[in-house]
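Only one structure is covered here, and it is reproduced in the block below.
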Amino acid sequence: MSKSSIEQQIGLLFADAFTALDMDADLGRITKSQRPELGQFQCNGALPAAKRYRRNPLEIAQDIAEKVQSSELLKSVEVTPPGFINIKLADDFLASSVNQLTDDALVGIETTESPEHIALDFGGPNAAKPLHVGHLRSSIIGESLKRTLRTVGHKVTSDIHLGDWGTQMGMMIEAIKKTNPELPYFDENFKGEYPKKSPLDVTEFMSMYPEASQLCKSDPEEMDKARQATLELQQGRAGYRALWQHIRNLSIEEMKPDFERLGVTFDLWYGEADADPYVSVVVQEAKEKKIAIESEGALVVPYTDDKGKEQAPMILLKSDGAAIYATTDLATIKERVENLKMDRCIYVVDNRQDLHFRQVFNAATQLNYLAKDKLTFAGFGTMNGPDNKPFKTRDGGVLRLTDLIKTATDLAYTRLKETGAQERFDAEEMADIAHKVAIATIKFADLHNDRKANYIFDLEKFSQFEGKTGPYLLYSAVRMKSILRKAEESGLMAGNIMAPTTEEERELMLAMMSINKAVETTIENLQPHHLCDFSYGLSQSFSRFYNACHIMAETDKNKQQSWLGLTKLALKQQERILDMLGIAIPERM
RNA sequence: GCAUCCGUAGCUCAGCUGGAUAGAGCAUCUGCCUUCUAAGCAGAGGGUCGUGCGUUCGAGUCGCACCGGAUGCACCA
């Protein structure tokens, strides 16, 4: 059977009631109550109905209430002025609904009716640059969206989409040429095979970049050289390609451990360069269809926004003929659609690239690669320091992702020791717990904020393990595990969930019934913070239940089994949601 | 100048397609560990939702105009 939520089931009842009064069925929509003391759910349909049918809203509400009154799904239906209908569920109905989730592998989450193959573009680090906190959001949000979309049945292919084809590569080539001119990569007459081994190690590459970038910024001549090298690289100069390959490979090896520690994975480790074979085709098509025009020596695609205002054009080819990131992004869309057969592209990228993607989407739509609504820019705000400026370390530098993870792990370890954990766990488990707590802290601190908004990133947040934090979620899940473990040791089994006898049970059940709503909203808006809210709410509900209902001490066996059933389901849901957030739960902590 | 995002409690943030008395966490204060993990639970105080108009029976939510902040606007990514 289809899993329909409480709101949907009750909604049907109310829709019928409205239909019976010759009114639109959509008026029967049910929402969670805003006044819990008056009811658990409410129907506000009588208010718009009053306007639509020119009748007194209170009377309509009373008529509706009368019609649904007898339903055995409901305990009570009450009308309050000016026409609110407050609904309390029958406890039996609630319990049986919750029991149904117990048998469901997705614990109440509905799968999509129209599965798509989605390209999820996130991460996006540059080759030759170390990962820093700026890469955190993209990775964490992207990873979460990937898991969430997959959970509901989409096929998702994640692509790290490295920045490896732009001027920064030319800068690197020129910088290496300067320090190591004797290398064969720079000899145009070199005909032999280039060395398999990289001339420099990754640390050396990475230490060169900031200086090279600085030099190009201050010296136009150096910048020209870098641009020229970029063009030659793109045109296939063998020595440059060989050197570029080394930089790319080493960069990937360097960043892999950080992504691994974060639990972030990519199906494709493509980069801008991988779209290169499509660039000439795209340029050709754009010219033929007269979408691209020449302007100031460059080939551009003009862009007029939704309001009909002309915005800056997208540069398809620079005046020297080289491709830039707009070119490769456009070419990548063609590759994804035509070669990889994808239906949709989602980009989890910094908000500041908004215009860039509007331009690219505009071109892609005009070239008929994808419909406009299949190209989504899921931008995120910047991580700022306490001064509301993009986050910097005390000495003004960028904070390396590695260092952030290490700091958070050390703090988690310290906190763990404070609880006397070293007497309970061996060194290996201690390290594992500290790592999981650290990742949960970092991820939850980031994910619980709305993706679009900037947020203040404070290192102190990572020494905070109380309140609305990742560790709180872990802690409550670990307590669930602990009880279930104890029950098992005593030979106690989770059983049928009975109608609630306490408000805490009822609340927990209601919380668990709302899981699908949270997932739906998350997917619709591509905002994982709704999952965070659900997860936190579930933890809170469970904690209250935990405090009020002492499971192991309960003498009524049916009650005890029911409570174990609730605990088991709460854990299953929490595991599902935290999995979608990319947060792993330890066995104990 | 044009465009995008943001402005909600002292601080950091939620508020789902407009609905009743705007919610959390931190911080402050008060209780609760001889009962399943106190990284917890219960409770208190704290707000002209940036400002002003408008639409509506009804606006934190929608529209317009301002104010304030962040960001982006041609050959960087």
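In what follows, chains carry the letters A, B, and so on, assigned in the order in which the sequence lines appear, proteins first and then strands, with residues in each chain numbered from 1.
- Under 4.0 Å is where a charged nitrogen must lie from a carboxylate oxygen, and between A:R451 and A:D446 no such pair does.
- Checking B:G40, B:C13, B:C16 against every side-chain atom of A:K517, the shortest atom distance belongs to B:C16.
- Between A:R352 and B:A77 there is no side-chain N or O to OP1 or OP2 distance below 4.0 Å.
- Contact check, A:K452 against B:A70: no side-chain N or O comes under 4.0 Å of OP1 or OP2.
- For the OP1/OP2 pair of B:U4 and a distance below 4.0 Å, the side-chain nitrogens and oxygens of A:H356 include no atom meeting the criterion.
- To the nearest angstrom, P of B:G72 lies 11 Å from CG of A:L355.
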Heteroatom pairs (N/O) under 3.5 angstrom, protein to nucleotides 25-27 of chain B:
unit_1, atom_1, unit_2, atom_2, d
B:G25, O2', A:K468, N, 3.3

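- For A:H530 and B:C16, the ring-to-base geometry does not satisfy the stacking test (centroid distance below 5.5 Å, interplanar angle below 30°).
- Taking atom CZ of A:R544 as the reference point, atom P of B:C41 lies 8 Å away to the nearest angstrom.
- In this model, the phosphate group of B:C16 is not approached by any side-chain N or O of A:T521 to a distance below 4.0 Å at OP1 or OP2.
- For the pair A:Y325 and B:A77, the criterion of a side-chain N or O lying under 4.0 Å from OP1 or OP2 is not met.
- Between A:K517 and A:E7 there is no salt bridge, since none of the side-chain N atoms of the basic residue sits less than 4.0 Å from a carboxylate O of the acidic one.
- Nearest to the side-chain atoms of A:R588 among the listed nucleotides B:U37, B:A3, B:A39 stands B:U37.
- For A:Y475, taking side-chain heavy atoms from C-beta onward, the closest of the listed nucleotides B:A14, B:A38, B:C5 is B:A38.
- Out of B:C73, B:A74, B:A14, the shortest distance to the side chain of A:A312 is found at B:C73.
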(message) Run A:H356 and A:Y325 through ring pair (Phe, Tyr, Trp, His ring centres under 6.0 Å) and show every step you take.
(response) CA-CA 9 Å; A:H356 161 70; A:Y325 72 133; 3.9 Å; yes
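- Going from atom CD of A:Q527 over to atom C1' of B:C5 covers 13 Å, rounded to whole Å.
- The side chain of A:V437 lies closest to B:A39 when the candidates are B:G19, B:A39, B:A74.
- Projected onto RNA chain B by closest heavy-atom contact, A:C549 and A:T230 fall at different nucleotides, the more 5' of which corresponds to A:C549.
- Which of B:C76, B:U4, B:A74 sits closest to the side chain of A:R227 comes down to B:C76.
- Distance from the side chain of A:R415 is smallest to B:A39 among B:A39, B:C76, B:A74.
- The pair A:E418-A:R415 meets the salt-bridge criterion, with a side-chain N (NZ, NE, NH1 or NH2) lying under 4.0 Å from an Asp/Glu carboxylate O.
- Taking atom NZ of residue A:K486 and atom P of nucleotide B:U37, one finds them 4 Å apart after rounding to whole Å.
- For A:Q353, there are no side-chain hydrogen bond (donor to acceptor under 3.5 Å, both in side chains) partners two or more places apart in sequence or in a different chain.
- Taking a pair as Watson-Crick or G-U wobble with both distances under 3.5 Å, the runs of three or more consecutive pairs in RNA chain B are B:1-5 with B:69-73, B:10-13 with B:23-26, B:28-32 with B:40-44, B:50-54 with B:62-66.
- Near RNA chain B, meaning a heavy atom under 4.0 Å from it, residues 132-139 of chain A has no residue at all.
- A distance-only check finds no donor-acceptor pair linking the side chain of A:N525 to the backbone of A:Q527 [under 3.5 Å].
- Under the salt bridge (Lys or Arg N to Asp or Glu O under 4.0 Å) criterion, A:D410 pairs with A:K406, not counting sequence neighbours.
- Taking the charged nitrogens against the carboxylate oxygens, A:R588 and A:D432 have no contact shorter than 4.0 Å, which rules out a salt bridge.
- For the pair A:M171 CE and B:A77 C1', the computed distance is 10 Å after rounding to whole Å.
- With the nearest nucleotide of RNA chain B identified for both A:T382 and A:A323, A:T382 has the one nearer the 5' end.
- Using a 4.0 Å cut-off between charged nitrogen and carboxylate oxygen, A:R485 and A:E488 do not count as a salt-bridge pair.
- For B:C41, one of the phosphate oxygens OP1 or OP2 lies less than 4.0 angstrom from a side-chain nitrogen or oxygen of A:Y472.
- Applying the 4.0 Å criterion to OP1 and OP2 of B:G40, one finds that A:S543 has every side-chain N and O outside that range.
- Every residue two or more places apart in sequence or in another chain that forms a ring pair (Phe, Tyr, Trp, His ring centres under 6.0 Å) with A:F357 is listed here: A:Y347, A:F361, A:F377.
- Rounded to a whole angstrom, the distance from the P atom of B:G72 to that of B:U30 is 48 Å.
- Rounded to whole Å, the distance from CZ on A:F357 to P on B:G72 is 15 Å.
- For B:G40, the OP1/OP2 oxygens have no side-chain nitrogen or oxygen of A:R479 closer than 4.0 Å.
- When the nucleotides B:A77, B:C13, B:A3 are ranked by their closest atom to the side chain of A:I456, B:C13 comes out on top.
- Between A:D26 and A:R52 there is a salt bridge, since a side-chain N of the basic residue sits under 4.0 Å from a carboxylate O of the acidic one.
- We find that NZ of A:K309 is positioned 16 Å from C1' of B:G72, with the value rounded to whole Å.
- Here the C1' atom of nucleotide B:A39 and the CZ atom of A:F542 are 15 Å apart, to the nearest Å.
- Rounded to whole Å, the P atom of B:U34 lies 29 Å from the corresponding atom of B:A24.
- A:L38 comes within 4.0 angstrom of a base, heavy atoms only.
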